[in-house]
Structures are given as C-alpha cells and as structure tokens.
Participant: 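Mind having a look at this structure? Questions to follow.
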Amino acid sequence: MKDLSGWGRYPRLSGPLGTARDMGPAATATATMPGVTARGLGRSYGDAAIGRDNTIDATGLNRMQSFDPQTGILAVEAGVPLADIIATFLPQGYFPCAVPGTRFVTVGGMIASDVHGKNQHIHGTFGDHVAWLMLALPDGRVMRCSPHEHADLFKATIGGMGLTGTILSAGFRLKQVETGWIRQTTHVARNLSEAVTLLSQTANATYTVAWIDVLARGASLGRSLILEGEHATADDLPWGDVKFPPSTNGRLAVPMDMPGWLLNGMTVRAFNELYYRTGARKAGQTTTVPWDSYFFPLDGIAHWNRIYGRRGFVQHQCVIPMAQAEGVVSDILERISSHGAGSFLAVLKRLAPGSGLMSFPMEGLTLALDMPFSDGLMPLLAEIDALVVAADGRLYLAKDATQSRDTFAAGYLNLDLFRQLRNDIGATGRMASKLSERLGL
Amino acid sequence: MTDPDGHSAPKGLLLVGGTSDIGRAVAATYAARGWTVTLAARDAEGAERNADDIRTRSGAHQVAVQHLDILDTGSFEGFLDGLDTLPDTVVCVVGMLGDQSRAQEDTDHATTVMRTNFEGPALLLEMVAARFAARGHGLIVGVSSVAGDRGRASNYVYGAAKAGFTAYLSGLRNRLGKTDVHVATVKPGFVRTSMTADMDLIGPLTAEPDAVADRIAALETRPSDVVYVLGIWRLIMFIIRAIPETIFKKLSL
Ligand SMILES: Cc1cc2nc3c(=O)[nH]c(=O)nc-3n(C[C@H](O)[C@H](O)[C@H](O)COP(=O)(O)OP(=O)(O)OC[C@H]3O[C@@H](n4cnc5c(N)ncnc54)[C@H](O)[C@@H]3O)c2cc1C
C-alpha cells in the first residue's frame, strides 16, 4: 500500500501502486486490472490520480521518442516529466506551447487534465497542441488517436482525467523561442474591477495573469498585481546574459509538516500585504526574468505543500462565464475574506474555451485559491460552489477534492456524451478513480 | 585520432547491458559528450527504446543497437569482429540479481545467475582486452557489486559471482598494468533502479543511476582502479570484511 494522496494531501488515501516500466505492461495492466487509473507525478490536488482499486504508476514510461525540428513535434512516452522536456529543448530554442504552474508534471497528466498556462486566452490549452496520442483501452486495444483518427476518443481523452484509458505516448508541438527569459511588466489593480479591466487590456499579451490578495477587504477587495509577459528576444537581453539560463530554483525545501497555527489570518494577511506592496513598487516597470521564476515560482521550494500542516489543504479553482464573472468573483472573495484564514496568493485569469469534451476552460474568468483544511471549510466551499453553479460556471477536476455530483453535472455539459463514450469502450466501472467514483462517473 | 582534415573523430563507447537503468544513464552521459555509442543487449527492442531516448535528448545520432546475449559465449568473437570500429571504451553493466532461495534449490536458476554475473562478462572482457592490448590502448569498466566483497546468507549466489567478476577484473588490470589499457572495477552500492524497485533502500546509501554514470565517465580523464560510487560503501564493506568469520556466521546480514 502506498500513500496516493494528491498534492493538497486531502483526502489522505492509499492503495496498491504498480509501476509500468514499458508501454506493453501499461496496456496489459489497463486491460486486466479492475477499477484502475494511471497516475503521473501526483500534482493534481485531490483524488483524481488515485485508482478506485488499482493505480498504474506511469512515470516508468519516461523515454523520449523523437523530435522533428521541421514540424516542432516532440514524441515522448506519457510519463516523461515537463521538467525534462524544458531542460532538453529550451537550450535548443524550443518551449512547450502551454505549461502549468509547476514543471513536475508528466505529459500524460497534462493531457488528461488538459492543462492551461498563462497564455491559454490566446494559445489554448496543452491539448490544443497535441498532434496524436497512443491510448491503451480497457478492452486491450491500443489506438492511435488524433484530430483525424478516432477523433471522438481523442477529444474525450484530452481533459478526460485518465478515464478513457491509459495514455502511453503522445506527439505535441513545441514553439521556437529566442531566449529563456521573459520580459515581465507589472500592473497594479487597486480593486477587483481594475483587475478585470487590466486583464482585458493585457489580453493581447502572450502571458497574463493576476495575483490577488484574497484577504483584502472593503474598497481594496480584489486588489491585485497583473503580470504581463513576453518571451524576450536576444536583443532584449543585457549584454553578457546567457541566452538560456539553467534552472536556478530547487534548492529550498520545507523539511516537514508545519504546525497548523503557522498559517493563520495574521501571517497570511501579512504575506499578502508584503507581496502586494513589493509588487506595487514595480508598477509599470518591465523587468527581464528567467523562465523558471516566471513560470514556476513555487518549484523553487520543494514540498511546499507541507506548509499547510498535517491536515492538508484544498485548492479550489472555478471558472465563471464572462458576463457574470466580476460579480461572482467579488462575492466569493468577500466570503473568503470574512471567513478569515484563507489562501496565500490566489490567481485570477482570463480563459478561452478548451477543446476537449471535458476540458475545464471556458470563456470567462478563473479564480484559483488554496485553503488549509479546517472544520469550517466544507460549508464555505459548498456556499462558493452554489455561486459557481448559479452563474453556469464549473470547477477544475485536477484541483477538485470536494465538489458534489450536482455541482459537477451542472458545470460539465458534455457529461452525457462522455458517459456514453465510456460505455462504448467498456470503460464504465473499469477505468475508475476515487474522483470518478465520488462524482458518479 | 585525427582525420586528414585535422578533425578528431568522435570516440566510441560499447555499452554492454543496454536495457539496464545504469546502462541507459552511462550511454546518455557519453552521448551527451559527443561519443559514438553502441548499446549491446539481448532485448534489442528494449535497447532501441533507450537509443531513441538518448538520440532525442542529446540530439546525437551516433547511437546504435547490437544484439548480444551474455550467456551465448560462443557468439562473442563474431560480435566483436562485427563492430564497425573497435571502441575506445567498453563498459559492462550486465547483471542479474536472481532469487537467493530459489537459487539454493533450482540449479538452473543458480547457473544462470552465476553465468550472467561472472562467466559471460569475464569472457567477453577478456576478448576485449586482447583487442585493446593489440591496438595499444583502451578503457575497460566492469560494473561489479559490493555484494562480492563478502558472501552473505541473503544473496551469496549473486555475491559469489560478483566476487568472481571482481577478482577477474583485478587480475586483468594486473596483467595489463604496464600497458595503456586500463581496467576499472565499479561497485555502485545501492542504486535506485528497476532491479531494486521493491526494496526499501536507505537514502544516504543509495545512488541514482546518473551518479553512477558520472563516476564512470570521470574515469576517462581520471583513471582509477576500484571505484565505490558512494565513498561510504568503502567504509561499510571494510567493516563487514573485518568481522571474524566465527562471529559473521551468527549474524543475519
Ligand atoms: C504548484 C502547481 C501549479 C499548478 N498550476 C497549474 C496551472 O497553472 N494550470 C493547470 O492547468 N494546472 C495546474 N496544476 C495542476 C497540474 O498541472 C495537473 O494536476 C496535472 O494533471 C498534473 O500532472 P501529473 O503528471 O502530476 O498527473 P497526476 O496528478 O498524477 O494525474 C492527474 C490526472 O491525469 C491522469 N493521468 C496521469 N497520467 C496519465 C496517463 N499516462 N494516461 C492517462 N491518464 C493519466 C490521472 O489519472 C489523473 O486523472 C498545478 C499543480 C500544482 C501542484
């Protein structure tokens, strides 16, 4: 039995975990084991990467297969970490078209969650750049899926949370970049409506995201730093800077669970205050920052999830359609702020629709926050979820550990199609995770 | 080696055991340094999977795969003669842990463990040594094991075979000591690989395959005779060897 808890370490669950060291055994395990799902690096926060009865550790599928500089298509096995891809290809001038906020994720995990980055509003999700994938089905077949081959299965697997089969390998596009640096411009928003306006005004930028101070109240509710980013060209670099800086972060670590009282309203408030003020001083300025601290600031501190203590934490990420977004986000922030002990930094971002059947993104605003587990948390989340449902929004499955079946069904309008497809390929009840059981998939 | 235009040709590595995790790491390290790499393995398809990985990661295209079964000693001569060029370095990482209690009862299993860890690698490297000696230079690296430093109840069939291999390498080194053919014995200690995936390894005593590969590649510039990848193992094995047999036999190690 292995501890299979997600990154939030709530819920705490364990179960048998078998490592697939090659694609053949991974396909066999998929076809023979009951209640099974694949697991990558376990960076989903809740219960998505925990099989109902069995879990396949896909990180043994860690071989790269080929790279074609003509098309920019990289073919790899599904367990290859994003960190390896960047370490190998950035020095050659290539970068993935979409990356999440940590590089310790696998290609399989990125496809199954159809992850979005800070450029999703113009460049789409990771799934939008996948040219093909090899999928092991519960009936033993291995199928090549692409927009032209088994297109329905392809669409269902992108964002399908591992519930259509095990992804064995995939080919996806890398884009060319001149340097490993990002030109970052910081804008300050004194409240939520300024933040929303600034996110719209910066929507032509390649990368744009807002860090919100979740504990600010009253007239400052929703005050944020909006970080706009562009890949720096060689000419942007000060003379003497290396074009492709190696990764610098990764030296710090949280050695053990921090005591629960450490993160109380006061410390979190102080942290947010400090972050906001430091950022505000850079208002309007453009600085050139290395890729790792821009895209993956949290990767600098190993095991940072331990900071929330033994009871773990919940990450809550919703998306609200544009028309109602500002009002609903403001309502959510107010509730969290009055609840007190909240999140470290929270993130607000504009999203465009995703392309998978079950992809999370839709046209609207997404808000992501961490909340340490506490007794009062569940009722608060239920209140927030009700607001999301009323506004026709939905929650991100890669983060989810708590939503109800009704919230889920209200948000994912292609659910019936997804269920039908799972039936057709014999996945219902066979490909199953703790998440799929909880949500009645 | 310099061609007529003054370019030096890339050096060549023959890696025997091309599907092992240590072998994969060694091959990748050499390829990244611009060497031509040949992976020899019984499972050529598995080795091809590693070769693709190394080609993609290093951008190097001089990675080839050759079929070789370490138990088929009769094929060695033809295998070595069939290589395009005699490599500059040969690294042998072939190994099979086997199952100690099975080996006690199943003679075939014991034989396979002994032949895989000792007979095959020793005979192959003997032939390599002859060719290197005739040419005048070369580096031979045999990956043996700390298990060969003393026979233990829990794995003496494997340990004895590795002890044989260690002694063989030592003798070979001694024989070639006055030539430019160097023989190194590498004892990795615990390494995080698929062979040890089910064991509870002690962190500070456990090396990653990449660390083993770095130590091996370092032999190219700083030759060394017997290498413990993690220095602590030299001390541990010194102590274990120092325990008198009368006491040792009562311990369960
Ligand atoms: C610090 C941090 C920041 C993050 N930032 C973002 C962000 O900005 N944007 C974003 O979209 N996400 C973000 N995430 C979430 C993360 O990108 C996803 O959870 C991702 O799926 C994790 O990949 P993984 O390899 O760890 O997969 P796991 O967590 O192990 O698995 C996630 C899902 O993928 C499935 N899966 C994994 N491998 C396979 C496979 N081979 N075949 C089929 N299914 C498979 C699992 O069954 C599970 O449903 C963040 C997470 C963290 C910890």
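Just the heavy atoms: all of them, side chains too, but no hydrogens, waters or symmetry mates, feed the values below.
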Participant: Could you grab the distance from atom CD of A/Glu77 to atom CG of B/Asp53, nearest 0.5 Å is fine?
Facilitator: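 Output value for this atom pair is 7.5 Å.
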Participant: A/Arg63 versus B/Arg24: any side-chain heavy-atom pair under 4.5 Å?
Facilitator: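 Of all side-chain heavy-atom pairs linking B/Arg24 with A/Arg63, at least one is under 4.5 Å.
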Participant: Checking the side chain of A/Thr88 only, and the main-chain atoms of B/Arg57 only, is there a donor and an acceptor separated by less than 3.5 Å?
Facilitator: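 Pair absent, no side-chain N/O of A/Thr88 close to backbone of B/Arg57.
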Participant: Step through the shown structure and confirm whether more than 12 heavy atoms of other residues, nucleotides or ligands are within 6.0 Å of NZ on A/Lys2.
Facilitator: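 It does not: A/Lys2 NZ has 12 such atoms or fewer within range.
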Participant: Nearest 0.5 Å please: distance from the CE atom of A/Met23 over to the CZ atom of B/Arg49.
Facilitator: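 CZ of B/Arg49 is found 6.0 Å from CE of A/Met23.
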Participant: Could you state the interatomic distance from OG1 (B/Thr56) to CD (A/Gln65), rounded to the nearest 0.5 Å?
Facilitator: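 Answer rounded to 0.5 Å: 8.0 Å.
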Participant: Is A/Ile85 in contact with chain B via its backbone, its side chain, both, or neither, using a 4.5 Å heavy-atom distance?
Facilitator: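 When you check distances to chain B, no heavy atom of A/Ile85 falls under 4.5 Å.
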Participant: At a heavy-atom distance under 4.5 Å, which candidate from A/Val80, A/Thr19, A/Asp84, A/Leu74 has the highest pair count against chain B?
Facilitator: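 Winner by heavy-atom pair count: A/Asp84.
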Participant: Is the count of non-hydrogen atoms from other residues, nucleotides or ligands lying under 6.0 Å from B/Arg42 atom CZ greater than 12?
Facilitator: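 Counting neighbours around CZ of B/Arg42, 12 or fewer heavy atoms of other residues, nucleotides or ligands fall under 6.0 Å, so no.
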Participant: Looking at B/Glu45, I'd like to know if its CD atom is crowded, meaning that more than 12 non-hydrogen atoms belonging to other residues, nucleotides or ligands lie closer than 6.0 Å.
Facilitator: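 12 or below, so no.
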